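This structure is in structure tokens; I'll ask about it shortly.
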Amino acid sequence: MTDESTALKRPASVDNVSKEKKKSTFVEKLEFEATQTQTIDVGTIADQAWDRPPLSSGWDRKPIIFQQIDAQAASYDSNIVRMFGVTEEGHSVMCDVVNFQHYFYVPAPANFSEEDIRPMIDSIPDENERKDFISRIAAIEILPKQSIWQYNGGNKSAFLKIVGRTPKDISYLRTQIENEQNAMHTQYGLSTMTYDNISYELRCTIDCGIVGMSWITLPANKYEVVEDVDKQSTCQMEVRIDYRELIAHKVEGEWIKSAPLRIMSFDIECSGRKGIFPEPQIDPVITIACVVQVQGSSRPFVRNVFTLNTCDAIVGSEVFEHETENELLMHWADFVRKVDPDVMIGYNTTNFDFPYLIDRAEALGENSFPYFSRLKNVRQVLKDAKFSSKAYGNSESRVVNIEGRLQIDLLQYIRREYKLRSYTLNNVSARFLGEQKEDVQHSMITELQAKGPETRRRLAVYCLKDAYLPLRLLDKLMAFVNMTEMARVTGVPMSFLLSRGQQIKVVSQLFRKCLEIDMVIPNLKQNGGSDEKYEGATVIEPIRGYYEDPIATLDFSSLYPSIMMAHNLCYTTLIIEGPTLSASGMTIDGYIKKRGLNLTPQDYVKTPNGDYFVKSDVQHGILPIILKELLSARKKAKDDLKKEKDPFKRAILDGRQLALKISANSVYGFTGATVGKLPCLAISSSVTGYGRDMIEATKNFVEKHYSKANGYEHDSVVIYGDTDSVMVKFGTKSLEESMRLGEEAADKVSDIFINPIKLEFEKVYYPYLLINKKRYAGLLWTNSNKYDKMDTKGIETVRRDNCQLVQYVVETVLQRILIDRDPEKATEFVKQTIVDLLQNRVDLSLLVISKQLSRTDYAGKQAHSELAARMQKRDPGSAPVLGDRVPYVIVNYSSDKNYDKSEDPTFVLENDLTIDTNYYLENQLKNPLQRIFEPILGAAKTNSLLSTAQIRTRTVTTGDKFSKFAVKTQQCKGCRRPLRKPFDTGAVCENCAAEAGRLYAAELTDLYDMETKFGELWSECQSCQNSVEHDVICAAQDCPIFFMRRKVQKDLDKKYNELKKFDLSW
DNA sequence: TAATGGTAGGGGAGGAAAGCTTTCCCATAT
DNA sequence: TAGTGATATGGGAAAGCATTCCTCCCCTAC
Ligand SMILES: Nc1ccn([C@H]2C[C@H](O)[C@@H](COP(=O)(O)OP(=O)(O)OP(=O)(O)O)O2)c(=O)n1
Ligand code: SF4
């Protein structure tokens, strides 16, 4: 779509170039190719350096080899599967996979043959219904297949494969057959149980062996080229191929490589009214910035900004100015089509940028705007989507279809992969990129936009920076690489990784494996999901206390997956569930005979849970195979981790192996998911049953073997253990000795169990503070020379539902106790902190608590949910929504309920509300500290440290108790006596008037200190915003600097006023 | 055309329930 | 405006309060 209407009013003016001499450091960072700043062709943005490489002639007679980025059924109503991808040279490809026919299976009735098919269908009484049925059928075949329940009642081997054309046909046919009233069922005994209904999005890719982000070869002469005039897409190559002709490459050898994908990151700015979040019906889009980079390269090759109204030039970036918003939007859409990105990324693009652009264009009546996908005639529309899972929480989003372009919203990725207190771009970039990001409020954006080309330039630079950050995050977090790996290992398209859960990954793998061995999966009727729970793992009752001897930790590696592999637990190997067998009153022998199964007692095992499974030499389970693959991918990741030295990269690699571990554990979880596609509690509860037996056996073995009775110096004690681990006190004081015993014990225990079950000696805690189940801390040693780090589990240092002050204090206290071994120093620190807190000297940012808003219908009132509701009333646009974390502080208020006292930190700053320091002492600090100190100092000392009375005396003696009243009743600056209004006009009372000179000087010093402090903060912000010539306008909620700057500013104002009073009295 | 891995567990907060004390009202004795 | 003895005592209901227990919720360890 060429677009003459997006004429640029004016190329970036030449005058402005001179200003570039004094550009900020950020802009210099942005600068990469001076040639790119030349003036731009008016009217069109064709012929740019960013065009894809031209096709060589005769390409259509050679094989097409490309990396596929998205392969999904084109629609519910068609049998075309549409693939988009990129070749190694960077050519864009769209390939329609044709002739694929969707299908499902039904067990054939007894003694059924080809000849019976027609009469059976003819038995449908209603003529229209029959015709409808027949018209949707493409074919029916009788095929030998096994149900995955082969031993558990489903030992049919002949299946009818019902072939339709489109997913819609299949859905119709299935509904007919599953209906118990249907004549084929009542007259011919056709089962109403259907098999192999996988979501149509995956069906074809599974059958073709295509996994997410894999390479495809379209052999020469096997594909058909779509002529330019008929092209539906904007891709360079548009072809069609029969699904049987394409070659899907396994991800191995050379096919591990990646195509040069184009990633475009963008960000938009909207003007807003004061205190109101921008609304697309009213508030215009004023700036859009884009940065485009090839995956894997280190430098963007396009940077540009689309502005409303004029804007001064920016070195290293193109500036496109527009007179109207319509032009701006249309020009941007045109740019997207021209630069043709394979991947579009940003921060919160799913819930903000894309919906805003589309809604805004609609509000402006710009109907031709929402066409920036790779399909020319497909409109981009918004659809509401909900996601709900225990692990990822509940959330709502508005998704937009952009055919052929992957969307990666970094916010969503980071939310899933990293547990953070706050997910604002400011906080995320501070954490991962080590730099604060200034945050400009919407009313300020409006001001910048209104003033002139220079401030608009500032806005544009700000927007550019925000557009570039997601790219840097993508790179630094290796998000694209990790997602590619996950898509390839689990087989799902990359887009599923952010929009779907764990189930779909398991389903994808399960169906692939079943297809290979001719097995079919029943479609269980969704019976509303019974909320049946089963018994999980054992947590050994801890022997609580503070241990100054080394505690060795033994841990089964990948416990549940290895149990499933060792005992061959799978759908395909289940003979019968324990409860069912006992209900029937039969013995297992009797049952096997009755079923006519050819199994001897050596062929199967009974799990601790009482269920029976066949051994792997009879039938090797599918789940164990899947697990093996997942674990080997994990092992690779763990090996990379071992090699890496850089701490940040290690953290990233750790995340990668963790994601793979969770996927493996989710295979177990999937069998226990009663609301899932294929629950099988026999498997999941057998797994946990084995696990319980194993931890018990391990504990017993260790305690029995390492005992005086057995010739050792001490009796060992297992002081704690959770699911797959035991913490052993061997009794020795020597670190080396405990490590040696740990190694040895791990080997001995491993020998008891079947492969691949393995107990590993992991680490020694020394010293070790065991507070409670799932709560402990200790110094972690993996070698006896130097401890690795302090490790804390479950306690406040790793939790996000308290304030950072608590985290900081607890962390410091633990360090002083565990590392310095100096509890005295720890108590001193606590005392000082409490004094600081009660005297309001603790920075507000340390007092912010945040909790996730995880539902819409809370049963009771909660601090965070009530605050969210109040904020909703103040400004609906900026209030937290489902799935967001709500930051709040507890302030003094007339109610004693926390849900009344919670308040938005920014609101607190703006309205000068006072913090309820007592809450932070009593409800935040006290209990966690008590739990730590008590095992070490004893109850008496701890109580005296933390008792209210003691704290009060300590605090009062330090004075300054009146500071919080200072605002209300004016006091003499000298003696603090309340000023008597008519007599004492100035800052000091009559009595102190003589001393006024000295006091004034003291005040001046104070003021000077504050000004210095403010100056420091100010210049910190200026360096953050990379400009010393501009005022600081940032209001970043997560930045501690912001809070300090505001507080000092307020204090300064107060001081000025006080000093003014001196003037009066003199 | 729905889709959502599992269980165990600590700990904070709110709110109902149960228990205790105080207050109030009434009947009765003097 | 109509009706008025005064006082002490005990019992029981109602009200107020503190405590306990349970449930919800968050987030974490496996
Ligand atoms: N997200 C998780 C984490 C754990 N588990 C279960 C299955 C695990 O096998 C078992 C033990 O958990 P670990 O955290 O010790 O993890 P693994 O033993 O699987 O891996 P490894 O110990 O090798 O890191 O708990 C689970 O179901 N889901
Ligand atoms: S407050 Fe200052 S340091 Fe913090 S993000 Fe804003 S500009 Fe940067």
Side-chain angles (χ1 to χ4, degrees), chain A residues 73 75-77 166-168 170-172 174-175 197 199-201 385-395 419 421 496 499-507 526 529 532-542 555-556 558-560 661-679 681 683-685 687-688 691-692 695 720-725 771-776 792-802 849-855 857-866 885-886 896-900 902 922-924 926-928 931:
Chain A
S75 80
Y76 186 54
D77 207 3
T166 67
K168 196 174 171 190
I170 291 298
S171 167
Y172 176 89
R174 242 184 67 198
T175 322
N197 306 297
S199 67
Y200 68 93
E201 299 138 295
K386 280 197 181 106
F387 186 88
S388 160
S389 103
K390 269 199 200 98
Y392 297 137
N394 300 327
S395 59
K419 301 241 168 254
R421 282 172 181 266
F496 281 22
S499 63
R500 309 283 294 269
Q502 295 288 349
Q503 278 212 61
I504 194 70
K505 299 186 200 168
V506 180
V507 167
Q526 303 252 327
E532 196 178 345
K533 284 260 168 114
Y534 60 93
E535 192 181 344
T538 306
V539 182
I540 296 175
E541 189 61 38
D555 190 335
F556 286 102
S558 298
L559 181 67
Y560 286 8
K661 158 178 159 179
I662 289 171
S663 288
N665 287 338
S666 295
V667 173
Y668 144 76
F670 177 79
T671 67
T674 44
V675 286
K677 193 110 179 62
L678 199 63
L681 293 198
I683 298 176
S684 45
S685 49
V687 170
T688 58
R692 288 192 300 273
I695 190 172
Y720 178 57
D722 187 344
T723 310
D724 70 335
S725 65
I771 296 170
N772 216 332
K773 284 184 174 176
K774 297 188 189 284
R775 270 157 208 250
Y776 58 81
T792 54
K793 288 288 164 69
I795 54 187
E796 285 68 19
T797 47
V798 292
R799 298 187 66 84
R800 298 176 291 168
D801 50 0
N802 49 38
I849 305 167
S850 74
K851 289 200 172 113
Q852 190 180 48
L853 193 62
S854 63
R855 58 189 66 201
D857 53 337
Y858 281 96
K861 295 179 171 179
Q862 314 254 328
H864 68 301
S865 64
E866 290 296 296
R885 293 186 69 80
V886 187
D896 62 348
K897 293 284 185 243
N898 287 342
Y899 58 76
D900 287 326
S902 58
E922 296 289 327
N923 301 44
Q924 288 271 313
K926 205 171 201 172
N927 286 350
R931 287 190 288 265

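A quick note: this is a predicted structure, and the numbers were derived from the prediction, not measured.
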Which of these nucleotides, B:dT1, C:dC27, C:dC26, is closest to any side-chain atom of A:R885? C:dC27

Identify whether the distance between the nearest side-chain nitrogen and carboxylate oxygen of A:E866 and A:K897 falls below 4.0 Å. no

Note on DNA chain B: ranges paired as stems (three or more Watson-Crick/G-U pairs in a row, both atom distances under 3.5 Å) are B:6-17 with C:19-30, B:19-30 with C:6-17

Going by 5.5 Å between centroids and 30° between planes, is there a stack of A:Y76 over B:dT1? yes

Is the phosphate of B:dG9, meaning OP1 or OP2, less than 4.0 Å from a side-chain N or O of A:K773? yes

Does a nitrogen or oxygen in the side chain of A:Y392 sit under 4.0 Å from OP1 or OP2 of B:dA3? no

Atom OH of A:Y560 and atom P of C:dC30 are separated, to the nearest Å, by 12 Å

Measure from the side chain of A:D801, starting at C-beta and using heavy atoms only, and say which of C:dC26, B:dG5, C:dC30 lies closest. C:dC26

Would you say a side-chain N or O of A:R799 is under 4.0 Å from OP1 or OP2 of C:dC26? no

Does A:R692 put a side-chain nitrogen or oxygen below 4.0 Å from OP1 or OP2 of B:dT7? no

Which of these nucleotides, B:dG11, C:dC30, B:dT4, is closest to any side-chain atom of A:R775? B:dG11

Which part of the nucleic acid does A:Q503 contact within heavy-atom distance under 4.0 Å: base, sugar-phosphate only, or nothing? base

OP1 or OP2 of B:dT4 under 4.0 Å from side-chain N/O of A:N394: no

Once you measure the plane-to-plane angle for A:F387 and A:Y392, does it fall in the parallel (<30°), tilted (30-60°) or perpendicular (>60°) bin? tilted

From C:dC25, B:dG6, B:dT4, pick the nucleotide closest to the side chain of A:Q862? C:dC25

For A:K861 and C:dC24, what is the distance between atoms NZ and C1' respectively, to the nearest whole Å? 15 Å

Rounded to whole angstroms, how far apart are NZ on A:K533 and C1' on B:dG6? 9 Å

Kindly say if A:N898 contacts the phosphate of B:dG12, meaning a side-chain N or O under 4.0 Å from OP1 or OP2. no

At less than 4.0 Å, is any side-chain N or O atom of A:K851 found next to OP1 or OP2 of B:dA13? Yes or no. no

Quick one: which of B:dG6, B:dT4, C:dT28 gets closest to the side chain of A:V798? C:dT28

A:S666 has a side chain; which of C:dC27, B:dG5, B:dG9 sits nearest to it? B:dG5

Any side-chain N or O of A:N665 under 4.0 Å from OP1/OP2 of B:dG5? no

Using atom P in both nucleotides, what's the gap between B:dA3 and C:dC30 to the nearest angstrom? 34 Å

Between B:dT4, B:dG5, B:dT1, which nucleotide has the shortest distance from any of its atoms to the side chain of A:V675? B:dT4

Distance-only donor-acceptor check, side chains A:R885 and A:S850, under 3.5 Å: yes

Does OP1 or OP2 of B:dG15 have a side-chain N or O of A:Y899 closer than 4.0 Å? yes

State whether A:Y858 places a side-chain N or O below 4.0 Å from either non-bridging phosphate oxygen (OP1 or OP2) of C:dT23. no

Step by step, would you call A:S902 with A:N898 a side chain to side chain contact (heavy atoms under 4.5 Å, CB included)? CA-CA 6 Å; A:S902 58; A:N898 287 342; over 6 Å; no

For A:N197 and A:K677, work out which heavy atoms get closest and say how close. O-NZ, 3.4 Å

A:H864 vs A:Y858 aromatic rings, parallel, tilted or perpendicular, using cut-offs 30° and 60°? perpendicular

Is it true that a side-chain atom of A:D722 and a backbone atom of A:V539 form a donor plus acceptor pair closer than 3.5 Å? no

Taking only the side-chain nitrogens and oxygens of A:N927, find out if one of them lies under 4.0 Å from OP1 or OP2 of B:dG12. yes

Which listed nucleotide (B:dT7, C:dC30, C:dC26) is nearest to the side chain of A:T723? C:dC30

Using a cut-off of 4.0 Å on non-hydrogen atoms, how would the nucleic acid contact of A:G669 be classed: base, sugar-phosphate, or nothing? base

Among the candidates C:dC30, B:dG5, C:dC25, find the nucleotide nearest to the side-chain atoms of A:A859. C:dC25

Mind checking A:S854 for me? I need base, sugar-phosphate or nothing, with any heavy atom below 4.0 Å counting as a touch. sugar-phosphate

